[in-house]
Amino acid sequence: MQTDDLIANLSRNVPGVPRGAAATRLLIALAVGAAAAFILLLASLGVRPDIAAASSTVPFWVKWAFTLSVAGISLAVLLRLGQPGVRAGWLWFGLAAPFAIIAMMSVGELLSAPSAARVQLLLGSTALVCPIAITSLSIPTFVGLVWAFRKLAPTNPRLAGAAAGMLAAAVAASIYAFVCPEESATFMITWYSLGLIVSTCFGALVGRRLFSW
Amino acid sequence: MKATETRLRALMLKGLEGDAAAHRALLSELARLLRSYFGKRLSYDLADIDDLVQETLIAVHTRRTSYDRERPFTAWAFSIARYKMVDEFRRRGTRVSVPIEDASDMFADDDLESVAASVDLEILMADLPESQRLSIQGVKVEGLSVIETAERSGLSPSNVKISIHRGMKALFKRVRTGDPDAD
């Protein structure tokens with residue numbers, strides 16, 4: 001086809017693009033993904049029976065502060081990765097911050113605990129379930145993000161896939177917090193991070209295929 | 001180059017509001033710039049260059065959502081072009097490499113043909129440290145003397161020289177690997 005014909009064809013239908021349309025698409029994906037993850041959680045593990053009481057305790061909010069800040073920063077990173085010519089820059093350091101803070105809390109916790117209690121801080125009672133649940137619950141959000149990216153243009157598909165995996169897992173972890181009974185920062189930095197990392201690696205693995213255009 | 005950016009961006013903004021005529025004008029002008037952008041970098045025949053131009057135009061059209069209205073338009077459009085070019089390399093199984101002579105082209109700013117190259121330079125330089133960027137901008141791009149550049153940027157003259165040396169080294173490395181993210 002001649003380029004002029006192509007241009008004429010493309011210009012036949014030029015819908016307007018509202019401001020912030022890219023961010024809106026990502027937020028829609030997050031909302032739908034989070035809702036789906038919550039339904040999955042209710043159908044499988046349920047929420048912890050003492051959720052009303054737990055939701056007013058510090059560990060619960062530390063957990064949320066961790067997962068929601070990872071979600072927020074990876075959302076900002078992902079949005080930039082979907083826009084050609086825009087760099088994530090200092091946001092990469094921002095993404096490391098929540099992990100660094102929880103890691104420091106964990107060190108403090110381990111140092112002040114009697115040595116016999118340390119293994120308990122690390123393993124809690126749900127060490128195995130946690131990363132598996134987070135990775136599984138991240139799937140709906142990840143699918144949503146793949147959809148959102150059909151109108152975006154990641155010039156590094158593999159990296160975008162990784163960031164999408166991280167974001168999806170951070171959303172999943174925020175939902176999983178409704179059932180998670182663990183209270184230690186050591187548990188969080190180990191098993192929550194493991195869930196996040198597995199999902200991030202998965203995203204990187206499928207990124208080239210699902211995010212290229 | 002500034003004029004091109006201003007004009008294209010204005011067309012893009014109108015197109016995003018649903019103005020089909022502006023969108024059409026934008027794509028036509030982009031087609032011309034892209035033909036020269038790819039033509040300079042690839043030794044493909046005209047038909048293949050045109051395929052690449054068309055693919056880029058389609059991406060520009062279907063992925064307009066990925067353009068942030070507050071940011072430079074040409075940086076966006078030519079990042080898409082570069083992505084499509086690298087993609088084409090990959091498909092053909094050739095290694096991504098831009099001949100080193102091309103790098104000196106990038107510092108010419110004397111004709112419209114070099115718009116694309118200047119845009120490239122902008123993208124390449126965007127994440128150099130500020131001292132290196134200012135120094136290269138002053139001496140290599142605008143042709144000022146080291147002293148003038150030093151005065152303008154508030155750096156010492158020897159600092160300007162070192163910054164140019166380091167900055168140019170970093171730029172050549174990026175151009176050679178064809179990867180704007182290489183450090």
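Throughout, a chain's letter reflects where its sequence line sits, starting with A, and its residues are numbered from 1. Values reported hereafter were calculated over all heavy atoms of this structure, with side chains retained and with hydrogens, waters and symmetry mates removed.
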#### Entry: Separation of B:L34 CG from A:T3 OG1 (nearest 0.5 Å)
10.0 Å
### Message
What verdict does the side chain to side chain contact (heavy atoms under 4.5 Å, CB included) test give for B:Y67 and A:V86, after you've listed the backbone C-alpha separation in whole Å, the side-chain angles of each residue and the deciding distance to 0.1 Å?
### Response
CA-CA 10 Å; B:Y67 174 63; A:V86 182; over 6 Å; no
### Query
Which bit of A:R19 comes within less than 4.5 Å of chain B, counting heavy atoms only: side chain, backbone, both or neither?
both
### Segment of A:S212 engaging chain B (4.5 angstrom heavy-atom cut-off)
both
#### Entry: Heavy-atom donor-acceptor pair, B:R64 side chain to A:P15 backbone, under 3.5 Å
yes
### Task
Measure distances from B:A20 to the heavy atoms of chain A and classify the residue's part below 4.5 Å as side chain, backbone, both or neither.
both
### Query
Contact part of B:D51 toward chain A, heavy-atom cut-off under 4.5 Å: side chain, backbone, both or neither?
neither
#### Entry: Contacting moiety of B:R71, where chain A heavy atoms sit under 4.5 Å
side chain
### Message
To check you understand the geometry: which heavy-atom pair defines the closest contact between A:P154 and B:Y83, and what is its length?
### Response
O-CE1, 3.8 Å
### Message
Quick check on A:L111: does its CG atom have over 12 non-hydrogen neighbours (other residues, nucleotides or ligands) under 6.0 Å away?
### Response
yes
### Query
Do you know which of B:E55, B:E17, B:K84 has the most heavy-atom pairs with chain A at a distance under 4.5 angstrom?
B:K84
### Distance in Å, B:S66 OG paired with A:R80 CZ, rounded so as to fall on 0.5 Å steps
14.0 Å
### Query
Does atom CZ of B:R166 have more than 12 heavy-atom neighbours, drawn from other residues, nucleotides or ligands, at distances under 6.0 Å?
no
### Query
Can A:N13 and B:H61 be said to form a side chain to side chain contact (heavy atoms under 4.5 Å, CB included), step by step?
CA-CA 10 Å; A:N13 180 24; B:H61 175 79; over 6 Å; no
### Message
Measuring from atom CG of B:L57 to atom CG of A:L6, what distance do you get when rounded to the nearest 0.5 angstrom?
### Response
6.0 Å
### Task
Please answer whether the main-chain N or O of A:F149 pairs with a side-chain N or O of B:R63 as donor and acceptor at a distance below 3.5 Å.
yes
### Task
Name the option with the most non-hydrogen atom pairs under 4.5 Å to chain A; the candidates are B:A21, B:S79, B:A22.
B:S79
#### Entry: CZ-OG1 distance between A:R150 and B:T62, expressed to the nearest 0.5 angstrom
11.0 Å
### Query
What part of A:A8 is in contact with chain B, defined as an atom under 4.5 angstrom from a non-hydrogen atom: side chain, backbone, both or neither?
both
### Summary
OG1 of A:T155 to CG of B:D87, rounded to nearest 0.5 Å, is 11.5 Å
### Query
Measuring heavy-atom distances to chain A, does B:I58 have an atom under 4.5 Å in its side chain, in its backbone, in both, or in neither?
both
### Query
So, for B:H23 and A:L10, which heavy atoms are closest and what is the spacing to 0.1 Å?
CD2-O, 4.4 Å
### Query
Is there a side chain to side chain contact (heavy atoms under 4.5 Å, CB included) between B:T65 and A:R25 once you walk through the steps?
CA-CA 9 Å; B:T65 307; A:R25 282 181 78 86; 4.3 Å; yes
